[in-house]
Amino acid sequence: MVLNWFLFLAAVLFCTGVYGVLARKNGVLVLMSVELILNAVNLNLVAFGAFNQTVTGQIFALFVIAIAAAEVGVGLAIVLLIYRNRQSVDLTGIDALKG
Amino acid sequence: MNDILVHWGLSLAIFLPIAGAALLLLIPKENELFIKQVALATTIVTAAVGVWLLVKFDYKHTGRLQFPVNKSWIEIINSRYHIGIDGLSLPLLALSMFICILCVIYSWDHFPEPHNPKAFLALILLLETGMNGTFIAQDLILFFVFFELVLLPMYFMIGVWGGVNRQYASIKFFLFTLFGSALMILGFLALYFRAGHTFDIPTLIDNASRMLPHNSEVWIFAALFMGFAIKVPMFPFHTWLPDAHTEAPTVGSVILAAILLKLGTYGFVRIALPILPDAAHTWAPWIGLLAVIGIIYGALGCLAQRDLKRLIAFSSVAHMGFVMLGIATLTSFGINAAIFGMVAHGLITGMLFFTAGSIGERYGTREMSRLGGLLIQAPKLGWILGFCCMASLGLPGLAGFWGEFPAILSAFNPANGLSVTTFRVYMVVASIGTVLAAGYLLWMFQRVAFGEPKEEFAHEHIHDVHGPEWLAWTPMLVLILVLGVFPGLMFKITDGAVSNIAHALAVVGR
Amino acid sequence: MLGQNIAFGVIALIMMMAAVQVVTSTNVVRAALSLVIVLAGVAAQYILLAAEFTAVVQVMVYIGAVVVLFLFGIMLTRARIGHESDLDNSNKIPAFIVSFTLFVLLIALLRDAFGRQKIHVAAPSNTAQIGTAIFSTYLVPFEVASVLLLAALVGAIVLARRD
Amino acid sequence: MLRFAAASLAAAGSGAFHQPVIDYHAFAPEIVLTGVLMIVLVADLIVPEDRKVWVTNIAGIGVLASLIPIITLAVSGHDRSMFGGAYVVDHFSLVFKGLFIATGYVVLLMSTNYVADGDYYEGEYSFLLLASILGMVVMASSRDLITIFVALEMLSLPAYMLAGWRKRDPKSNEAALKYYLLGVLSSAVMLYGMSLIFGTTGTTVLADIGSYLSQQGGTPPLVTVALLMIVLGFAFKVSAVPFHFWAPDTYEGAPTPVAAFLSVASKTAGFVALIEILYVGFLSNNNVWGPLCWVLAALSMTVGNLIALRQTNIVRMLAYSSIAQAGYILVPFAVAGANSHALVTAQKASALYLLVYTAMNLGAFAVVIAVARKTRSGEISSYGGLFSYAPGLTLLMSAFMFSLAGIPPLGGWFAKLFMFSAALDAGTRPAIVLAVIAGVNSVIALFYYASVAREMWMSPVPDGDVTPIRVPPALATALGITVLLTVAVGVYPTLFARMADVTVLARL
Amino acid sequence: MLDHAWIIPLIPVVSFFLILFFGKRFPSKGASIGCVALGICFALSLVLGAQWIGRDKTIEPLHHATAQQVRAAESGRASSAQGGEAGGEKVEMKRAPVVHETTWFQTGGIKIKAGVLIDGLSVALLVVVSTISLLVHIFSTEYLRDDRRKTHYFAALSLFTSGMFILVTSSNTLQMIFGWELMGLCSFMLIGHWWEDKNNSNAALKAFFTTRTGDIGLLVGISMLFGLAHNTFDIGRINSLAMSGRLDQGLLTVAAAALLLAVIGKSAQFPLHTWLPDAMAGPTPVSALIHAATMVVAGVFLISRLYGVFWQGFHIGTANGFTPVAIVGGVTIIIAAALAFVQSDIKKVLAYSTVSQLGYMVMALGVGGWTAAVFHLFTHAFFKACLFLGAGSVAHSGSHHSFDMKEDMGGLKKHMPITYATFVIASLALAGIIPFAGFWSKDEILVSAHANGYNTFLWVGLVGALMTAAYMTRCIYLTFHGEARGAAAHHHPHESPLPITGPLVFLAVLSVVAGFVQAPMLHIEAFANIVEPAYVSSVVNHSGFNGGLALAGLIAAFAGIGIAGGYYFRNLGPRGLTSRNGAARAGYTFLVNKYYLDDIYTDGVVGSIKGPIARAAYWINQNVIDGVLNGAAALAIMLGRFTYDIVDQRIVDGAVNGLGLSAEAGGGALRTVQTGKVQQYAAILFGALIVFAVALWRFAK
């Protein structure tokens, strides 16, 4: 297998995620897009690990997975918080702080 | 006792005032008299140390650093607590101590709004620390710290106790000076890295010009120039000055004129010239040019003024032009004149601000068109004003003359390597400046003092000079006269130190 | 080898389509389900790369926990399950430009760096190695991660609870 | 001394699991901190609602306790390198661990009354704060990409949540959201960069990365962009322009002590990571990150200062100020590559600036908190006439403001001096240009710092209410500590200069 | 006394301080202190003079000869014959000047000395100044008896005198500046003595400012000389160096020109003379002092003191009939004399007269007549002081403090006989009628001009003499003759008391006898002998008596008197001048008989002088020259306003404020990027990533 196949796939996921983060306005969907990005990173790490013949890549990926889970939890908590105060998860309306 | 003073006298001169200021902060606000007494006592004790230094100073070797202390301070950058005085710093140090006492005395009964003597006096003391320290420091970083230390108190003094436009004036003053010092510190650092990793001024004087290529010298000098020129202030960096002076309380103006402006010129003489003699030669014609522009420009500015204090402020631009012209000649004669000019300007313009402040306080206005007949209503005040005007316009026999004439004189024969023609043109222009000085000062005096009092004040009782004013002013007036008649008193002190500098400069000129 | 390549191609294609679905779908739940497909695809790729342990963790944590969290989130924020037209903001075009440029940039870089270098998949079952490394070399991050999870837990609860 | 990580892993993989030998002394600060963390969590459950202050007090004492092992480690002197160089306890890490813990203590002091009066969750607040500090403390020792990543998340996640701690305030929610979202994104980008580096070098240990890259000579484009991505992650953390957007919004919306914490500790942690990564891992790639930091520094200083000119809210102004300050701190990075001497000076300069910046910026926030207790406002205009009824606070605030502006003899000037000195030590043309930009910027900056002072000293009291401000003891202690350091460093800079002296990482 | 001459300048200084600080406690308000001090000075000056005369003649005036030799040697045209000739000439020995100096201060390694230089010139000036000053003091005790600022007045008077003393005794140019400026200050104070009136303070300002303008030249000139003479202010050295011709000729000329500017300012030469008539705003005794002995003669003194510089700088010895100095003097003579015709203020007549006479002195110096100039200075001091004090007496007792001849005087002869007599004597002296003092000195000037080949200026001198005689006749007529008008008619004019008449008489006597100290006609050359310093003697030649010129001078004077007398006689009808004034009638008759001048001629000459020409001159004076001065002042103020309002406030300050504003505007613009929308922030984040990546990629390549 060619290394770059995996890397290109990861790049696609990464950029798709970036698009999602920038273009979605529902907070939950933005978080999902973030997950896409993180998975791209993980795919990269595992592929590189295999490429370099080391488990370090996998270990790194495992840490990312664990922490990403925590991040999502926190993110959802914040989105919920916002929803509770604003009755909406529309990110575009959140611009009270600016300038 | 003697030994202690020899070692710590100078440090006392720096830190007594700040200790006094700290003490003031501890005294409750209500206890006004005590606050004033403590402040006065502090300045007097500091001055007593100064007198002791004056007595102990070895006048035979004015070119040598005396009462030196050289202790470790900031090891990481090899900056040391190196202090000492020579003939260059002594007069200015004495002036600074002296003026501070007088300022405390003068403000005894009339603190400007919003009153608060505690803070006001604390600021004066803080200023004194900064000023004394600047004149004593022999390490660039130490110098810089003290140089900057004066900014804050003056900022607050103008900003809190100043006139209507005080906020604008104070921030302008602050920003301008800071801009200069930002570049100046860059220059200091460049010196440090390019000339032997030291901030020690005497060492740098010995080494820097050997270690630096001409090009670097010129750039470093430019950086230092900005720092000092703004403080002086030289045209075209002067615009902070009129605003600051006009808005500052009387005492603030006096300190500003008498001492703060000297920090810039002192910096030139103490640091820029001897450390970078080569660059000094390159820059001197430009400095001279700005100086003479300043002379004429300041005078023209004066002619346009309606406000008494603003006029005096502009006159400072002109007078400092003479000082800078003297410095720009790079001759021992010119630099001596410059130092004399600094002290003289300190005394004279200080006095002018005192009188202007007192006049403004009595009449409630400093608008010259509304004043008049001062000689009728308060003849003593009026004649003191006249005396100061005369001194300021460089009348021989009064101190101002020795700042102006020798500067002109030295421009005829500038140091080797400088364009003689250029400086001779400067000489003529500067001479024209003396005429303009006579013009604006006499014009001012005529409008303020001569004639009959204006209708609006004709029936008001204008108090003539009172106690604290006499106390504060008499020494200055006497000094103006004494220095005018016996300039040797000053030249004797400065000559040795200046000749060292001139020597360093002359080596390059050849 | 060919089988692996074909498998990669098929899975990758599905993943990409699903990923696009995640960011373009007008239905929140469908987006979440598409995400599941992507995540599962990633796990499959891990297996192709002989990282079974990671693949298992991926399935358990992501599909088992994270996606469920998302679904809870969707429900708690009362998003309509059906069609929702305004899930996107007005920045679609700039967003596309940015991400596409980024994509081009990354592809160019990767081509430049790795060309057609191959992965030689080692013998599977390196799980023991992973365990050993985590508990020796990566002990500190492991312990810290545990505190991190605790902190996230406590914090998320405080934030999310009603008071 | 450092073994090649892959080799050690291969060795570990071949045999059975050997329990690693752990130097507990070296880990003592982290262990104590973790213990305190747990105690606080448990204590929060036990302590009754009206005595919650105790929890904060316990946290405070605990934090101070964790200083003890740091001191003992510092006294014992020698560097300890563990896990194949992935975790190092040396002077650099000890100085910054101490700084983080001290910062944590002061922030706790600042928070005590703020959180209690605001009726927010106190125990959890302290817990999260300590957790974040733990992440920072770990960060100071991390020399491995994985550890750095975990430490970064450790310090960030609690901070995201703390930013939203004023749950009922939409602004606080917004602050948390922005911080969180941008934080997660930038850490994702950083991770991507890390993955590329790992792919190229085959290792995550910084020292090994460094030796691999220096053997390669030159920087391939992929490494360049990967490095950029990693730097971006931390540039976000230190709020360097153009990755700063979160900072003003978050500072303004977050609880003020949290804003203080973010502007100081979190920023410092970012810089610590940058120092580790750049000076250890990518020293040979200075030709990439040098110019990058140059641009970031110049942009941060200029944009931060210019926008700060137009702020009316004190916290927001401080946010932009902290952006500008980050620019000053980045200056040494930009010029470090000129020569070996400049490299050393630059590191010292960054470290010193961080130390001083922490003290003065925390102090400024402490005053903001104190004043807001009375005025209930963050507007700069509400500081009008403060001098007339709170001269002490005015004096303190002036000291902090002018220290931030870099006016002697307050600490900030020395930090700036050192920053300038790094630039001039390098002496290259870009370095000097940057120094001049920094110089001009410090003048612009003065304008808004001084305008706060102006408001306090020279303006009338806006609402005429001149009842004095009561400063609670905890806050007063915080103020005392910060002002003492700010002034002391200015007058006797050797105090901190020594500390900065030992923080040099790259040994050449 | 020769060795302690420093006491003389010191006395009035001490007196100044005594009066200033203690004067008010005296019944005389300090006047007595001044009088006593000046009395002492006067006595000491006389002693000094006597000692000087008694001093041995020890040096030869060889400087110049030696210098010529040097020059010749340098230019390679050394001629022993020439040298022998010069050396072989029979030379008259001169008295060595007495110089006592002490180091004043040291700066830049240069010792600057202070000291006194006593030679004939300084002795002569000391005597003149102390005499006049003493008399003025005495006069003032009466004249300003009830003045509200009597103390100030006398203090200033003392200081004024000391300024002149310092000037004339200086051994170096630096000290000269002291005296010079001190007088400037005092003239300011005294001219503006009654400063309540704006006109007076304006006049004071104008005086100070105008002389100060000239001082540009003084400062520049002395600076240049200091540099040229290798860093010394020493007058003797400067002179001898200048004479030696070893100084850069071009620079020396510039220096001399600069000093000439100072002289023009101080000695009220054309075109900076306009301050002097305005200066009449001061009390009359002050005018006497300023015009006779101090202040204005300072300029003349400066030239004579630094004659070497001028001699060499302007080639006075070798110029072909014109030197700048002489031109300045000559023009001034005519212009000022013409102006004196049309004044109705008696003091202004005298003021213009002074300007004109100073022109004589300057011209004399310009034509190489050093002795003549100093001699004229000497004699002029007495009769001009007498005239001014006389005018003061008239105003004090005759016209009720008015100086307007046309409105408030006339017919005072019978009321004030002493004043009248002294006034006429002084006028005759001024007009140059033998044997009065003015005749001798004016004659000396004419002789010098003639002998040194400056014939143009000889004619100028003669015309001046004619005009002088004429306007003085007019002045006397209007003041003392004819019908009493205005105040003179209504305020019971009477003779002044002794403190006024005493000095008048004394001065009148001096006006008669002072001329005889230098009367070549009678083979008396005492003045030249005593006064002329060695370095001057070496270059100036004395041509002795010239009968023709003396006659010409007299004719001119009588013509003047005659024309003026006739004119007034004719216009006043049957009760005209001739019946009352013998001199006038004689002059008129003389004119008529001698030249058979008819009405047309009379009307033509006098009428044109008095009429169109004088008026035109006056108009030009007031509107053009004075206008230029005032205009310059106005221009300076306008320029100041422009500089301040436009350059300073708008451009320089505006640039600064503009920078501040643009910084704020920049901040404002940048703020708009901070939209508050988190996804935009994210977009910027990624955008920046891309930009940086591309840039760095390219950069790394």
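Protein chains get the first letters and strands the later ones, always in sequence-line order, with residue 1 at the start of each.
For D:Tyr492, the parts lying near chain B are the backbone and the side chain together; criterion is any non-hydrogen pair under 4.5 Å. Contacts between D:Leu410 and chain B at a heavy-atom distance below 4.5 Å involve the side chain alone, from C-beta outward. B:Ala119 touches chain D through its side chain: at least one heavy atom from C-beta onward sits under 4.5 Å away, while N, CA, C and O do not. Looking at D:Val436, the atoms closer than 4.5 Å to chain B (heavy atoms on both sides) sit in the backbone and in the side chain alike.
Between chain D and the options B:Arg166, B:Arg194, B:Gln167, B:Glu75, the largest number of non-hydrogen pairs under 4.5 Å is found for B:Gln167. Most heavy-atom pairs under 4.5 Å with chain D: of the set B:Leu25, B:Ile171, B:Ile185, B:Leu183, this distinction falls to B:Ile171. The greatest number of non-hydrogen atom pairs below 4.5 Å with chain D, out of B:Leu186, B:Ile141, B:Val160, is found for B:Leu186. If you tally non-hydrogen atom pairs under 4.5 Å between each of D:Phe402, D:Phe418, D:Phe420 and chain B, the highest count goes to D:Phe402. Counting heavy-atom pairs closer than 4.5 Å to chain B, the top-ranked of the candidates D:Thr494, D:Leu446, D:Ile432 is D:Leu446.
The closest side-chain heavy-atom distance from D:Phe414 to B:Ile74 is below 4.5 Å.
Aromatic ring orientation, D:His341 versus B:Phe193: perpendicular (interplanar angle above 60°, classes split at 30° and 60°).
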Next on the checklist: Set out, in order, the CA-CA distance, both residues' side-chain angles and the distance that settles side-chain contact (heavy atoms from CB on, under 4.5 Å) for D:Lys348 and B:Ile76, then state yes or no.
Outcome noted: CA-CA 10 Å; D:Lys348 287 186 205 170; B:Ile76 189 170; 3.8 Å; yes
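Across D:Leu417 and B:Leu189, no two heavy atoms sit closer than the pair O-CD1, 3.5 Å.
The backbone N or O of B:Glu148 lies less than 3.5 Å from no partner atom in the side chain of D:Trp413, so there is not a single donor-acceptor pair.
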